[in-house]
Each structure stands twice: as C-alpha cells, then as structure tokens.
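As structure tokens, the structure follows; a few thoughts come after it.
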Amino acid sequence: MSHHFDSPTAIADGRINLCDLFVFPGVPGTTTLILTVNPDAGRSSATTFRPDALYEFVVASDGGTREDIAFRVTFTEPDNAGSQQMRVLRADGAAARHGTEGTLLGEGRTGEVFPLGAGGLAWAGLAADPFTADGIALAGFLAGLAAGQYDPGAFTFSPGNIFAGRDVTAVALQVPDADLGGTRIAVWARISLVGHAPQI
C-alpha cells in the first residue's frame with residue numbers, strides 16, 4: 001500500500017502521510033505489523049509523530065472485511081531531544097470501528113523496544129525508507145517505449161536507487177498470532193485526526 005502525498009493534508013504534514021503497510025510472520029507464534037509515515041523524514045518532513053494523531057493497525061479476523069480489532073498508537077509532544085512517549089491500546093468489536101479508546105497494552109519511548117501485553121513488542125522511530133526506484137533506468141525505459149522499443153535491460157546497465165539514504169518514521173508491533181482473531185485475516189492501516197476523516 002502506498003499513500004505518498006495523495007491528499008492535501010498528507011502533503012502539508014508528513015507525520016500523517018501514510019506510506020506503506022507491512023504484515024509478515026515474526027518469531028514463531030507472532031505476526032509483525034509495520035506502518036510507515038513521513039516520506040523523506042529529516043529532509044522535507046519531520047522525524048517525529050504527530051501528537052494529535054491516532055495511528056492504527058486494523059484487523060478483520062476470520063476472513064471478514066469489517067474491523068474486529070484495532071491496535072491504536074498515540075504519541076506525546078516530542079521532548080528537546082525529539083523523543084516521544086508512546087502508548088499502544090487495543091480495541092475490539094464495535095469499539096475497533098471508531099473512537100480512540102481501548103485497553104492499554106504497553107507504553108514506552110520512541111527509539112526503544114518495549115513489551116506489548118503478553119508476548120508482544122513495540123517500537124517506533126526513524127527508519128530507512130524501504131521503497132526503491134531506479135529513476136534513471138525508468139526514464140530510459142519509458143523513453144524507449146515512447147520510441148516503440150521494449151528494453152528491460154535498461155534496468156541492468158547501471159542500477160541505482162533514488163531513495164537511497166532517505167528515511168521514514170515507522171511504527172512496528174509484534175503481536176501473538178492468537179491475538180489476531182484467526183488465521184485468515186485482513187489488515188489495513190489508518191491515521192485519524194480529531195474532527196477529520198481517516199486516511200486508510
């Protein structure tokens with residue numbers, strides 16, 4: 001999923017510019033959930049999270065399509081060093097579909113790993129942008145297509161990555177598989193501000 005600069009709000013504030021969502025097996029018996037925001041963090045965007053935003057991982061369990069579980073993450077204002085207090089809540093059922101409440105699973109500070117309930121972990125902070133693109137090769141490939149030539153070799157002549165050295169901010173949770181409500185799940189990310197529609 002990519003939401004880079006798709007709305008005026010996201011363009012105005014990278015801290016709520018939802019980039020990518022990753023879901024994959026963690027250590028045995030757990031699933032890792034990661035969302036990234038702040039494309040180009042530290043350059044054209046902040047390296048912190050927005051204190052009035054609600055960052056969520058939403059789960060539809062047992063093959064469903066409606067929110068059954070929401071892992072809700074909030075942050076305080078950054079201190080002088082840029083560190084923020086972070087809280088992770090869990091909401092279930094109807095409470096997962098709207099609102100900001102939930103059961104506290106854990107709290108800690110950005111840049112530090114901390115326990116999340118029984119068997120879980122949480123971390124948030126600055127991370128390398130996992131997005132890659134070879135801009136020069138793509139331009140050459142597209143120019144070839146415009147001239148009626150198909151040359152996939154354009155990507156092997158001198159590979160590069162225009163995103164190398166760029167960062168995002170990320171929220172990462174490791175949760176026990178049993179806490180996801182089933183083995184066939186759907187997961188999406190959501191960022192909400194008070195009084196605004198969420199970005200999904």
Side-chain angles (χ1 to χ4, degrees), residues 1-24 26-27 30-58 70-91 99-132 161-176 179 187 189-196 198-200:
M1 171 176 87
S2 185
H3 184 75
H4 293 59
F5 307 113
D6 285 348
S7 72
T9 307
I11 292 169
D13 189 344
R15 296 174 301 171
I16 54 171
N17 188 344
L18 185 56
C19 298
D20 299 295
L21 170 69
F22 304 92
V23 181
F24 54 89
V27 298
T30 69
T31 295
T32 300
L33 310 169
I34 300 173
L35 69 84
T36 62
V37 296
N38 271 347
D40 215 20
R43 294 184 183 201
S44 63
S45 184
T47 59
T48 57
F49 298 89
R50 190 161 161 161
D52 61 345
L54 180 66
Y55 300 83
E56 295 179 278
F57 297 94
V58 183
F71 295 99
R72 296 180 166 150
V73 184
T74 59
F75 299 89
T76 63
E77 288 285 348
D79 63 19
N80 291 337
S83 178
Q84 294 175 274
Q85 186 72 19
M86 168 184 174
R87 299 182 74 209
V88 181
L89 307 174
R90 178 189 168 123
T100 60
E101 301 302 315
T103 302
L104 180 65
L105 295 179
E107 53 189 329
R109 297 200 71 77
T110 53
E112 301 173 2
V113 176
F114 60 89
L116 193 63
L121 297 171
W123 177 89
L126 194 63
D129 191 339
F131 197 73
T132 61
N161 177 15
I162 61 172
F163 292 97
R166 296 183 183 270
D167 295 320
V168 292
T169 48
V171 178
L173 307 181
Q174 178 179 283
V175 297
D179 289 354
V187 180
R190 180 168 64 195
I191 301 174
S192 303
L193 299 176
V194 176
H196 296 268
Q199 298 186 63
I200 300 175

Could you tell me whether the side chain of [X] and the main chain of [Y] form a donor-acceptor pair under 3.5 Å?
{"X": "S45", "Y": "N38", "value": "no"}
{"X": "E56", "Y": "R72", "value": "no"}
{"X": "R90", "Y": "G117", "value": "no"}

Is the shortest side-chain heavy-atom distance between [X] and [Y] below 4.5 Å?
{"X": "T110", "Y": "S83", "answer": "yes"}
{"X": "N17", "Y": "V37", "answer": "no"}
{"X": "M86", "Y": "V171", "answer": "yes"}

Side chain to side chain donor-acceptor pair (under 3.5 Å) with [X]: which residues, sequence neighbours excluded?
{"X": "T31", "result": "D177"}
{"X": "T36", "result": "none"}
{"X": "T103", "result": "none"}
{"X": "T30", "result": "none"}

Checklist entry - Could you give all pairs that pass the ring-ring contact (aromatic ring centres under 6.0 Å, His included) test and reach residues 36-56, with sequence neighbours left out? => result F49-Y55, F49-F75, Y55-F75
Next on the checklist: Show me the pairs that pass ring-ring contact (aromatic ring centres under 6.0 Å, His included) and involve residues 101-126, at least two apart or across chains.
Outcome noted: none
Next on the checklist: What's the separation between atom OG1 in T76 and atom CD in Q84, rounded to the nearest 0.5 Å?
Outcome noted: 5.5 Å
Checklist outcome for this item: Distance col, row T47:OG1 vs D167:CG, nearest 0.5 angstrom, shows 9.5 Å
Considering all heavy atoms of both residues, which atom of [X] and which atom of [Y] are nearest to each other, and what is their separation?
{"X": "T74", "Y": "A53", "value": "CG2-O, 4.2 Å"}
{"X": "I34", "Y": "A170", "value": "CG2-CB, 4.3 Å"}
{"X": "A189", "Y": "L21", "value": "N-CD2, 3.9 Å"}
{"X": "L116", "Y": "G106", "value": "CD1-N, 4.0 Å"}
{"X": "L173", "Y": "F71", "value": "CD1-CB, 3.8 Å"}
{"X": "G14", "Y": "P39", "value": "O-CD, 4.2 Å"}

Suppose we screen for side-chain contact (heavy atoms from CB on, under 4.5 Å). Which residues come up paired with [X], at least two apart in sequence or across chains?
{"X": "A46", "value": "R15, T48"}
{"X": "T100", "value": "L54"}
{"X": "L104", "value": "R87, L89, E107"}

Checklist entry - How would you list, by chain and number, every residue that makes a salt bridge (Lys or Arg N to Asp or Glu O under 4.0 Å) with R43, sequence neighbours excluded? => result none
Checklist entry - How would you list all residue pairs meeting salt bridge (charged side-chain N to carboxylate O under 4.0 Å, His left out) that involve residues 108-123, not counting sequence neighbours? => result D79-R109
